[in-house]
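Report on the structure given below.
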Amino acid sequence: MKITKESNDIKEKQKIVKQKLIDQYIEYRKIRNLTQEDLACVMGIKRPNISRFETGQCNPTLDLLVKMAECMDLEIRIDLIDKQEENSNEKK
């Protein structure tokens, strides 16, 4: 089975989105002066779970991401944007 260019593009976008999300979580954890251990304790999970998330070794569920955000007094916002509409707005 051949891997299509489209599937490679999707995988690359997934990596970019995932890394941006990880970077934001790490940044906010540090801004709040929380160690991985602190955050894990507040969340009721083990520190290696936080480490695996921050190093990109696991894909946490949306439920876990929401819980992690809540524990850092953050809110998750997900926006879906119509690509065609976005492109037409850029041309104006």
Side-chain angles (χ1 to χ4, degrees):
M1 184 170 114
K2 278 182 132 181
I3 297 177
T4 64
K5 180 184 180 325
E6 290 82 17
S7 65
N8 283 337
D9 290 346
I10 290 171
K11 287 181 181 185
E12 186 59 31
K13 286 179 184 179
Q14 289 170 329
K15 282 174 48 176
I16 291 168
V17 169
K18 181 179 178 180
Q19 191 57 54
K20 284 181 181 179
L21 184 62
I22 290 169
D23 292 345
Q24 286 180 341
Y25 271 97
I26 292 170
E27 179 182 357
Y28 279 109
R29 180 178 60 74
K30 289 179 178 180
I31 287 170
R32 283 157 173 68
N33 294 315
L34 294 170
T35 64
Q36 289 180 350
E37 185 69 37
D38 295 335
L39 182 56
C41 186
V42 170
M43 292 180 65
I45 62 175
K46 296 184 180 190
R47 188 208 54 79
N49 293 323
I50 301 295
S51 178
R52 282 192 288 275
F53 165 68
E54 290 187 1
T55 58
Q57 295 174 3
C58 76
N59 288 317
T61 64
L62 182 56
D63 292 341
L64 186 66
L65 292 173
V66 169
K67 185 175 183 177
M68 192 181 307
E70 283 294 320
C71 288
M72 292 191 287
D73 199 29
L74 299 170
E75 185 174 309
I76 293 179
R77 182 178 61 208
I78 299 173
D79 297 320
L80 297 176
I81 301 168
D82 186 316
K83 289 181 182 181
Q84 293 176 346
E85 190 175 306
E86 179 87 358
N87 290 336
S88 69
N89 287 338
E90 287 176 5
K91 292 177 183 177
K92 290 181 182 178

Quiz: residues 14-22 side-chain donor-acceptor pairs under 3.5 angstrom, not counting sequence neighbours:
unit_1: Lys18; atom_1: NZ; unit_2: Gly56; atom_2: O; d: 3.1
unit_1: Lys18; atom_1: NZ; unit_2: Asn59; atom_2: OD1; d: 2.8
unit_1: Gln19; atom_1: NE2; unit_2: Asp23; atom_2: OD1; d: 2.7

Value for SG (Cys58) from CG (Leu64), rounded to nearest 0.5 Å, stands at 7.5 Å

How long is the gap from CG on Leu34 to CG on Leu39, to the nearest 0.5 Å?
6.0 Å

Give me each pair satisfying salt bridge (Lys or Arg N to Asp or Glu O under 4.0 Å) with a member in residues 30-41, each pair once, sequence neighbours excluded.
none

Qualifying side-chain hydrogen bond (donor to acceptor under 3.5 Å, both in side chains) pairs, either residue in residues 39-53, two or more places apart
Gln36-Arg47, Asn49-Arg52

Non-neighbouring partners of Asp63 that pass salt bridge (charged side-chain N to carboxylate O under 4.0 Å, His left out), sequence neighbours left out:
none

Check salt bridge (charged side-chain N to carboxylate O under 4.0 Å, His left out) between Glu54 and all other residues, then give those that pass, not counting sequence neighbours.
Arg29

So the ring pair (Phe, Tyr, Trp, His ring centres under 6.0 Å) pairs with at least one residue in residues 29-57 (sequence neighbours excluded) are Tyr25-Phe53

According to ring pair (Phe, Tyr, Trp, His ring centres under 6.0 Å), does anything in residues 57-88 pair up with another residue at least two apart or in another chain? List the pairs.
none

Donor-acceptor contacts under 3.5 Å from residues 74-83 side chains, at least two apart:
unit_1: Asp82; atom_1: OD1; unit_2: Gln84; atom_2: N; d: 2.8
unit_1: Asp82; atom_1: OD1; unit_2: Glu85; atom_2: N; d: 3.2

Does Asp9 have more than 12 heavy atoms from other residues, nucleotides or ligands lying within 6.0 Å of its CG?
yes

Honestly curious: do Val42 and Ile45 fall in one hydrophobic cluster under the side-chain, below-4.5 Å linking rule?
no

